[in-house]
Amino acid sequence: INSPTNIPGFVEQGYQDLAGLVKLKEKLLSAGLGIYRVAPPDPRKFLLGEEGGEQEIDNLYKTIEIFGQAGIPFMSMPVHLGINPGYRGGCAKVHRGGYTMHGFEMELMKKRLAENPSESFSVEKHWERCVQMYQRLVPAAEKYGVKLITHPSDPPLPETEFSPRRWTGILDAVPSDHSGLLYCIGTRCESGVNIFEDIRYFGRKGKIFHTHFRNVRGTIPTSGGYEEVALDDGDMNMFKVLQTLKEVGFDGGLQIDHLPNYTGDTPDQKVASGYAVGYVKALLAALKA
């Protein structure tokens, strides 16, 4: 669940209502579904060092406690403030059959930043606040049996809030068995790593808790950008990705992420969702064969 407004209590009090959350979970279970991961609101005041920030952290602590009581296994750590110069390099790309998806071009980002510079933002100060937040919340995660997962900045540029270095560095800054990675397969590929060796490295450490399962074409180091594409239309062999995840013992979620815009699809992308789910289920069936 990426929108906290879907869970009772968040909007009204800053953390979820236990009874309402349990009722929602039971409703989903009755349909053969469940709640696997929740992304709470960003503690913007805390991360920016503003008044009211301590209350936000208290709310997040309470959120973790209630997730533990309700049996919600994962919480995304709200470390991103949406301040990424890479957003200025975003553009639409057209692919096979006319479907469109997001792309990124480094030169386009530089051009737009030169024409209209971004506001100053201290990544180092933000990092310090994130470490403080982890120091406050990791004990709660350990106490209540919830695992904390962190997504890297996308695009994965060195000057971003959770660059590849900071994304993995948080594991060492506040070490815990309950702190791990939301391993975004697309973002890691964009950064130019060997995706299979990367999965083996973090997977063997037991630090891949959850995945964003998507494909891309091109990398920032080699192409100066990338294009997000459909699962079967990129540089990665997604079946081999699954084989590698299985090899390292990963048993977490495969979350379909960043859907294509197909001609004639519904506003909520039912066609894209259906195709992606079917494609992943076929891969999983082949993996078991």
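- A donor-acceptor contact closer than 3.5 angstrom is absent between the side chains of Ser163 and Thr160.
- For Tyr99 and Asp233, the side-chain atoms include at least one donor-acceptor pair closer than 3.5 Å.
- Side-chain atoms of Lys125 do not come within 3.5 Å of backbone N or O of Leu48 as any donor-acceptor pair.
- Not counting sequence neighbours, the partners of Lys270 by the salt bridge (Lys or Arg N to Asp or Glu O under 4.0 Å) test are Asp268.
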List the steps, then state whether salt bridge (charged side-chain N to carboxylate O under 4.0 Å, His left out) holds for Lys111 with Glu107. CA-CA 6 Å; Lys111 178 176 180 293; Glu107 290 304 315; over 6 Å; no
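- Within a 6.0 Å radius of NZ in Lys207, more than 12 heavy atoms belonging to other residues, nucleotides or ligands are found.
- For Tyr201, the ring pair (Phe, Tyr, Trp, His ring centres under 6.0 Å) test picks out no residue, with sequence neighbours left out.
- Here the closest non-hydrogen pair linking Pro164 and Arg188 is CB-NH1, 3.7 Å.
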Apply ring pair (Phe, Tyr, Trp, His ring centres under 6.0 Å) to residues His126 and Phe121 and explain how you reach the verdict. CA-CA 8 Å; His126 178 266; Phe121 174 73; 5.7 Å; yes
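- Nearest heavy-atom pair across Pro156 and Ile220 is CD-CD1, 3.9 Å.
- Lys25 and Gly71 make their closest contact through NZ-O, 3.3 Å (heavy atoms, listed as atom of the first residue, atom of the second, distance).
- Other residues, nucleotides and ligands contribute more than 12 heavy atoms inside 6.0 Å of the CD atom of Glu197.
- Ring pair Phe162/His80 is perpendicular by interplanar angle, where above 60° counts as perpendicular and below 30° as parallel.
- Defined by atom type and a distance below 3.5 Å, a donor-acceptor pair is present between the side-chain atoms of Glu228 and His258.
- Proximity of Ser273 to Leu259: side-chain heavy atoms (C-beta onward) are separated by under 4.5 Å at one or more points.
- Proximity of a side-chain donor or acceptor of Tyr36 to a complementary backbone N or O of Gly253 within less than 3.5 Å is detected.
- Not counting sequence neighbours, Phe209 has no partner by the ring pair (Phe, Tyr, Trp, His ring centres under 6.0 Å) test.
- Inter-residue side-chain proximity for Tyr275 and Pro260 is flagged as unmet; no heavy-atom pair is nearer than 4.5 Å.
- Legend: residues meeting salt bridge (Lys or Arg N to Asp or Glu O under 4.0 Å) with Asp265, ordered by chain and number and at least two apart, are absent.
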For a quick test of your reading: what N or O donor-acceptor pairs under 3.5 Å do the side chains of residues 136-147 make, sequence neighbours left out?
from   : atom 1 : to     : atom 2 : distance (Å)
Arg136 : NH1    : Glu54  : OE1    : 3.1
Arg136 : NH2    : Glu54  : OE1    : 3.0
Glu142 : OE2    : Ser176 : OG     : 2.7

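- Atom SG of Cys130 is separated from atom CE of Met77 by 7.5 Å, given to the nearest 0.5 angstrom.
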Output a table of donor-acceptor pairs, distance under 3.5 Å, between side-chain atoms of residues 236-243 and any protein atom two or more places apart or on a different chain; print 'none' if there are none.
from   : atom 1 : to     : atom 2 : distance (Å)
Asn237 : OD1    : Phe239 : N      : 3.0
Asn237 : OD1    : Lys240 : N      : 3.0

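- Contact annotation: the side chain of Thr219 never approaches that of Tyr226 to less than 4.5 Å [non-hydrogen atoms, C-beta and beyond].
- A distance-only check finds no donor-acceptor pair linking the side chain of Arg88 to the backbone of Leu108 [under 3.5 Å].
- With values rounded to the nearest 0.5 angstrom, Ile170 atom CD1 is found 10.5 Å from Arg166 atom CZ.
- Side-chain atoms of Glu161 and Asn84 form no donor-acceptor pair, as typed in the model, at a separation below 3.5 Å.
- With hydrogens and angles disregarded, a donor-acceptor distance shorter than 3.5 Å links the side chain of Asn194 to the backbone of Phe196.
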Would Arg214 and Cys189 satisfy side chain to side chain contact (heavy atoms under 4.5 Å, CB included), going step by step from the backbone distance to the final call? CA-CA 10 Å; Arg214 62 184 181 90; Cys189 184; over 6 Å; no
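- Asp177 CG: 12 or fewer foreign heavy atoms inside a 6.0 Å radius.
- Remark: Leu181 CG to Leu148 CG distance equals 12.0 Å, nearest 0.5 Å.
- Atoms CD and OG1, from Glu56 and Thr63 in turn, are 11.0 Å apart once rounded to the nearest 0.5 Å.
- Side-chain contact check for Tyr87 and Asp154: no donor-acceptor pair (N or O, by modelled atom type) lies under 3.5 Å.
- Classification of the Phe67-Phe10 ring pair by plane angle, with boundaries at 30° and 60°, yields perpendicular.
- Between the CD1 atom in Ile195 and the OG1 atom in Thr244 there is a gap of 9.0 Å [rounded to 0.5 Å].
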Check the pair Glu227, Arg217 against salt bridge (charged side-chain N to carboxylate O under 4.0 Å, His left out), reporting the backbone distance first and the verdict last. CA-CA 5 Å; Glu227 301 174 350; Arg217 185 183 299 121; 3.1 Å; yes
